[in-house]
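These notes are about the structure you will find just below.
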Amino acid sequence: MVDEKRVKSEVVGRVLERVRARAALDGGRPVEEVVNETLYQERERLKRSRLERAESDRAFYARVQRELPKIAPVGQTKLLKEVIERYAAEICGHFDERVYTVTTRALPTALNLLLTSLSPQRVLRELSVLSNLDEHLVLEGEIESLKALEKLGTVVLVPTHSSNFDSVLMGYAIFRMGLPPVTYGAGLNLFSNPIIGFFMRHLGAYTVDRLKTDPLYRETLKEYTTVVLEEGQDLLFFPGGTRSRSGAVERHLKKGLLGCALAAYRNNLARQKSEPNVFLVPATLSYPLVLEASTLIDDYLAETGRHRYIIIDDEFSRWQRWMAFLRGLIEMDLRIHLRVGRPLDPFGNDVDLAGRSLDPKGRPLDPSKYLENGAGELVDDPRRDAEYTKALSARIVGSFRANNVVQPTHVVAFAVFELLRRAHPGMDLYRLLRTVNDDLSLAQADVEREVERLLGEIATLARDGKLERSSSVAESDVAEVLRQALRSFGTYHTQPVIERRGVRLHPGDPRLIFYYRNRLEGYGLLGAPDLVPSRREP
Amino acid sequence: MSDPSRIVVLGAGNWGTTVAQLVAAAGHEVLLWTRSEEQRQEIQSAHTNRRYTGEVEISARVEATTDLERAIAQGAVVFIVVPSNAFREVSRRLGELARPDQVYLHGTKGLELGTHRRMSEILLEETCIRQLGVLSGPNIATEILRGQPAGTVLASRYPRVQEAGRRALQSKDFRVFTGDDVAGVELAGALKNVVAIAAGVADEMRLGENTKAMLITRGISEMAKLGIALGAEPSTFFGMSGIGDLVVTCESPHSRNHKLGVALAKGAKLEEALAAIGMVAEGVNTAKAVQELSQRWPVDLPLFHKVHEVLFQGLSPAVALEQLMTLPPARDVPQVLA
């Protein structure tokens, strides 16, 4: 288990050393300027913050600001150290294995207890329904590889991110796969969530405050991640950085955090650690329905065109939505799929069960050579490493897409949206979404024809390993896929996403049709254009 | 694996031999790999490579070999200078031999037939190589072999590759510029060969300097339009591998693609023209690749399409020119470059 104190002092020491080394360079940034930047960035952030913690931050930075102009360079370095220590203290998790064991072993029950504490009578009635949540999470893919590699090095789990529910499911899935606990990188906003904060605080989560824009904070966060990996602690973070607002599978990942895997590997090699390897394991979570779909897609479509990076108040913090969601999941026998992808090394090479990196043709190679100069010496080269991380990111994105499990809701939403789009040629997305309403119905036969074509194309992609299908998509006929999707669409969301009346289908909520169809974006299905610009996802 | 510190050149054709000479001129020992035992012996004993570089005396610093395994085992920096239609095969063999700490540079202009892959993409598919780069520019081998000053661009995303390549090649007569747009340099190097065919046609038809300048200018526009659609940086087309290489290929009677255009303008069929040149004219395959690519990417490329029709559909060069001159009104500088 990680020694928290040691990690913290290592992180502070390294960041401090690096800032000072940069300051000593010709034309380098002086320490005073670095602290001033922090003061500026933090003041801007605190103007908008209403969190409790903000008060103590304000007091702290007021003091730093008073002292900074008056003190000698030695004192400036001391202030810098205080700032880094403060950041590090906030980031560091509070992992408690005992809590992990208790909570994960009986997650559904624990969930119930938590919910019970919020509204006992109501939740008690639901208890019986919830006890078999287990059956509704399908674990598949390279689970054996994951288990094998966990013993051979340090594992970084990098899942897709659709919902705050992901954190709960991943924690539970890790337990069910029989893996030792992992450390999470969780958004600060999750900690203030009444339901999930408890789990987060106790599952070894460390805090990521995405509102902090200070470069020094980012550097401290990356260093923390690197040091934890060097300590051999398995890690989980969402490389997309935030929940997919559009519903599409992530296409752009945060290279900064991903690069920590390579940094840790390099540091391990430099210290000649006995098990230096770091393995990245992508995982795709595929939901038939998404808890916060409505808030997420609203944010995506926000008129300003610039969505909020952090959403604090959404379905996730309202337990009634949780109950409706879980009840829907269970009553309709829906399944969330967690597909583990093929493990990768920090350079984006495939890794086999024995932990060996493989070249594109499956031949073993020695990855440490990528960091050497030809004479067997390790050399530092940030630009080179950024290229390796870019290659890794592209492989993870490819894995996300190939392990995306298509659900009936995605198929029907895609087909319906495509029919609506074609019926309004030349209309841009926003106008289309405003124009489509409940009165604009489609003939069921037309939808079925489109669904049939789509299922054929999906089957071809699945055969080529480019996409996966849930059993309800792979084994059902058109009518059954349609029936299942309509049933799902009619239950959880406040109004039916698509509704059948007689032989016609009515688009009840075009925004959500768009959201669920986006899960199949980018595969070139039905000759439809891409509607989610890949750069728009943060 | 004794002393993996040498500079290796794979391919002893016209350009490969020239690259070996450049490396030797920069003061390094070179290992030059060729498939042909006869050629190896000629280079080793007579210090010439008559078929490709005529009477030029090959430097004593150049050692020829037919042993690829040994060459790669000893190589720290490897130049791949083989025709594009042999690139996949050589890459496959490299897959068994290459090491992740080696630096690879290629000087092959063209796209793979059928797949339209760039050469660096082939290397990434077939081998563990990551630290790679591409060499391209206005580099007529004959002039370089005579010691006339020239410049080139070496593009890589890896500083180490840029540095190693520059050190291997830079001499008082050869200046190496660096860049990081690998895709752009590869695409520019491949696409300009098609324009060169048109330039050869124009020269043979004695159409004058205005026509030629128009061809070159429209040529670089179309190259940029397609290149950018395929992932190149716009500015690359203003560099050594873009306008630099295009001008020289269109002006120089040494260029094989230019020679092909000349032969076509004289009324030769494609097969006859190719047979007469006796070497690979990359522009022919690239014209075919561009035709296929433009089905998938909606880019307007009238000049490229006409060259394709002349090459493969028997359109006469004179008619092609007339059709180009009477196209609907068009912008001067394409939007993507404006």
Side-chain angles (χ1 to χ4, degrees), chain A residues 251-252 255 259 262 265-266 269 276-277 344-352 356-395 397-398 522-524 527-530 534-535, chain B residues 1-8 72-78 88-89 91-104 117 120-133 155-165 167-168 178-183 231 295-298:
Chain A
R251 274 180 286 183
H252 283 278
K255 313 276 192 309
L262 181 53
Y265 175 62
R266 192 188 54 215
L269 290 174
N277 286 340
L344 304 165
D345 71 11
F347 307 90
N349 294 304
D350 285 340
V351 172
D352 70 9
R356 293 180 307 178
S357 294
L358 304 176
D359 80 359
K361 298 292 169 186
R363 292 169 292 232
L365 62 87
D366 177 0
S368 69
K369 295 278 174 213
Y370 282 119
L371 302 173
E372 291 181 1
N373 60 0
E377 297 155 355
L378 279 178
V379 275
D380 276 338
D381 182 346
R383 276 177 63 195
R384 171 199 68 193
D385 292 354
E387 280 305 302
Y388 290 142
T389 301
K390 223 167 84 182
L392 168 66
S393 170
R395 290 297 315 274
V397 167
Y523 293 92
D530 284 357
S534 57
R535 290 276 164 197
Chain B
M1 218 210 295
S2 57
D3 185 26
S5 62
R6 294 184 76 172
I7 295 171
V8 174
I72 299 305
Q74 296 188 0
V77 178
V78 181
R88 175 76 66 177
E89 175 52 27
S91 298
R92 278 203 189 112
R93 293 185 64 186
L94 285 177
E96 300 289 336
L97 305 169
R99 300 184 300 277
D101 56 349
Q102 288 176 314
V103 165
Y104 282 79
R117 290 277 195 283
S120 64
E121 293 178 309
I122 297 177
L123 273 181
L124 290 172
E125 279 174 12
E126 296 290 342
T127 73
C128 67
I129 297 164
R130 295 290 183 84
Q131 303 185 62
L132 55 80
S156 175
R157 303 286 304 173
Y158 295 85
R160 179 180 169 223
V161 177
Q162 292 182 359
E163 184 50 28
R167 230 178 314 150
T178 48
D180 57 16
D181 183 14
V182 175
Q295 323 262 306
R296 242 186 307 154
W297 302 90

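Chain letters run A, B, ... following the sequence lines, proteins first, then strands; residues in each count from 1.
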Exercise. Taking the six-membered ring where the residue is Trp, are the ring centres of A/Tyr388 and B/Tyr158 under 6.0 Å apart?
Worked result: yes

For this session: Give a yes or no on whether a salt bridge exists between A/Glu372 and A/Lys369, defined as a side-chain N under 4.0 angstrom from a carboxylate O.
Result: yes

Seminar exercise, completed: Per side-chain hydrogen bond (donor to acceptor under 3.5 Å, both in side chains), A/Glu387 is matched among B/Arg157, B/Gln131, B/Arg130 by B/Arg157

Problem set entry | Under 4.5 Å from a heavy atom of chain B, the part of A/Ala375 involved | neither

Exercise. Can you name the one residue among A/Asn277, A/Asp345, A/Asn349 that meets side-chain hydrogen bond (donor to acceptor under 3.5 Å, both in side chains) with A/Ser357?
Worked result: A/Asp345

Problem set entry | Top contributor to chain A interface from B/Cys128, B/Ser156, B/Ala76, B/Ala164 [non-hydrogen pairs under 4.5 Å] | B/Cys128

For this session: Pick whichever of B/Glu126, B/Arg92, B/Gln102 has the most heavy-atom pairs under 4.5 Å with chain A.
Result: B/Glu126

For this session: Select one option (side chain, backbone, both, neither) describing which atoms of A/Arg363 are under 4.5 Å from chain B's heavy atoms.
Result: side chain

